[in-house]
2 protein chains.
Amino acid sequence: MDNRKIIEILERKGVRVTSIRILVMEALTAASRPMSLSDLETVLDTVDKSSIFRSLEAFEKHHAVHSIDDGTGSVKYEVCEGEDECTVSDMHAHFYCEKCHKTYCLKEISAPVVDLPEGFEMNSVNYIVKGTCRECGRRLSRDGLL
Amino acid sequence: MDNRKIIEILERKGVRVTSIRILVMEALTAASRPMSLSDLETVLDTVDKSSIFRSLEAFEKHHAVHSIDDGTGSVKYEVCEGEDECTVSDMHAHFYCEKCHKTYCLKEISAPVVDLPEGFEMNSVNYIVKGTCRECGRRLSRDGLL
DNA sequence: GCTCAATTGCAACCGGGTTGCGCCAGCCCG
DNA sequence: CGGGCTGGCGCAACCCGGTTGCAATTGAGC
């Protein structure tokens, strides 16, 4: 992976560039799936978790990443797509596989928006579908467990 | 509140009736809103939290209550409406007020269901809207803060 | 190269959730 | 009534993800 690209992302978002932050952002962009703090901890085993945490904090403040809560008890982070803000783009659906415990990002499916009762103001939406992912479904049917 | 009703609910769901469980179920039905473990802990300050926890566990196993994760880090519980199962009824939307930190149960709004990519199997849906609730909206506009 | 603010690593802490264990209550059976 | 068994309870300890205080280090700007 080319560090230039990573550094460019950080600079564009106005995040101060450090070696640790490059590592964290690199891991996040390399992953095809939202990552939790402990996921990152195991990938970057030389880096202290508080440093990763604070890097993510900085990224999030500058809208370089956004966090999603898939109800597993550990917050996941993923790189924001848009060039600038990502408040709208973080409204897409996510899928949590109860078999392999992976969280998928259904980028193409934007989170549905409902009409709220009068007086309620919406700020953001969290839409999580739980179930069995494609691979686990295949695996289970192959093994005759389905 | 009439204990008879509480006991009747527990018996109908096949949960063994104990004094603690009556207290927990009573608190849950009395609350107009989903309650967390620590909410219940403060309401029932004579009861140990592990007892409350295990009561909730028992209730949930017998579909007397269901849990919802509003992304605040503490799971909320609410009494199932239906007489029997509640697997469908727990698919309604919830609203989390970021001002007063209350979770509302939008019973009349069922969680929207999206089409998943091929091979993905849906088990349940979690739909949380975050924002400002009616009361906080009123309060803020009354105080000129909005 | 120097200075000062920001970042990092470490260790400790926090809070929600969970569990091991001994004790107690209730119940069935003789 | 008495004994034994099952299940519930309280206590304390633990787990884990997240967070923070602090001292050491880094690095950006001069």
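We name chains A, B, ... by the order of the sequence lines, and we start the count at 1 in each one.
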Main-chain N/O of [Y] paired to [X] side chain as donor or acceptor, under 3.5 Å:
| X | Y | result |
| --- | --- | --- |
| B/K49 | B/S38 | no |
| A/Y77 | A/E60 | no |
| A/K13 | A/H63 | yes |
| A/S36 | A/D39 | yes |

Legend entry - side chain to side chain donor-acceptor pair (under 3.5 Å) partners for B/T103, two or more places apart: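 With sequence neighbours excluded, B/T103 shows a side chain to side chain donor-acceptor pair (under 3.5 Å) to B/D70, given in chain and number order.
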Legend entry - Sugar-phosphate only, base, or nothing, as touched by A/S74 at under 4.0 Å among non-hydrogen atoms: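 Contact class for A/S74: sugar-phosphate only.
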Rounded to the Å, how far apart are [X] [atom1] and [N] [atom2]?
| X | N | atom1 | atom2 | result |
| --- | --- | --- | --- | --- |
| B/I22 | C/dG26 | CD1 | P | 12 Å |
| B/D48 | C/dG20 | CG | P | 16 Å |
| B/H101 | C/dG16 | NE2 | P | 13 Å |
| A/D45 | C/dC10 | CG | P | 12 Å |
| B/F53 | D/dG8 | CZ | P | 14 Å |
| A/K49 | D/dG17 | NZ | C1' | 6 Å |
| B/E60 | C/dG17 | CD | P | 12 Å |

Inset, instruction - Would you please indicate if the ring centroids of B/Y104 and A/F120 are separated by under 6.0 Å? - result: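 Ring centres of A/F120 and B/Y104 closer than 6.0 Å.
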Inset, instruction - Report the residue from B/L56, B/V65, B/I20, B/V15 that forms a side-chain contact (heavy atoms from CB on, under 4.5 Å) with B/M25. - result: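 Of all the options given, the one that passes is B/V65.
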Taking only nitrogen or oxygen atoms into account, show me every contact under 3.5 Å that the protein makes with nucleotides 2-7 of chain C, one pair per line with its distance.
| residue | atom | partner | partner atom | Å |
| --- | --- | --- | --- | --- |
| C/dA6 | O3' | A/R16 | NE | 3.3 |
| C/dT7 | OP1 | A/R21 | NH1 | 3.2 |
| C/dT7 | OP1 | A/R21 | NH2 | 2.9 |

Inset, instruction - Mark yes or no for a side-chain to base donor-acceptor pair under 3.5 Å between A/S50 and C/dC10, with no hydrogen or angle criteria applied. - result: yes
Inset, instruction - Would you kindly compare A/E57 and A/G73 by the position of their nearest DNA chain D nucleotide and give the one closer to the 5′ end? - result: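 Here A/G73 is the residue nearer the 5' end.
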Legend entry - A/I68 vs A/E78 side-chain heavy atoms within contact, under 4.5 Å: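 Side-chain contact under 4.5 Å: yes.
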Inset, instruction - Considering just the side-chain nitrogens and oxygens of B/S51, establish if one lies under 4.0 Å of OP1 or OP2 belonging to D/dG10. - result: yes
Legend entry - Residues from residues 34-42 of chain A lying under 4.0 Å of DNA chain D - heavy atoms: A/L37
Legend entry - Salt-bridge criterion met for B/R4 and B/E8 (N-O under 4.0 Å):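 Here B/R4 does not pair with B/E8 in a salt bridge, since their nearest N and O are not under 4.0 Å apart.
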Inset, instruction - Using the closest heavy atom to pick a nucleotide of DNA chain C for each, name whichever of B/R54 or B/K76 lands nearer the 5' end. - result: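 Going by which nucleotide is closer to the 5' end, it is B/K76.
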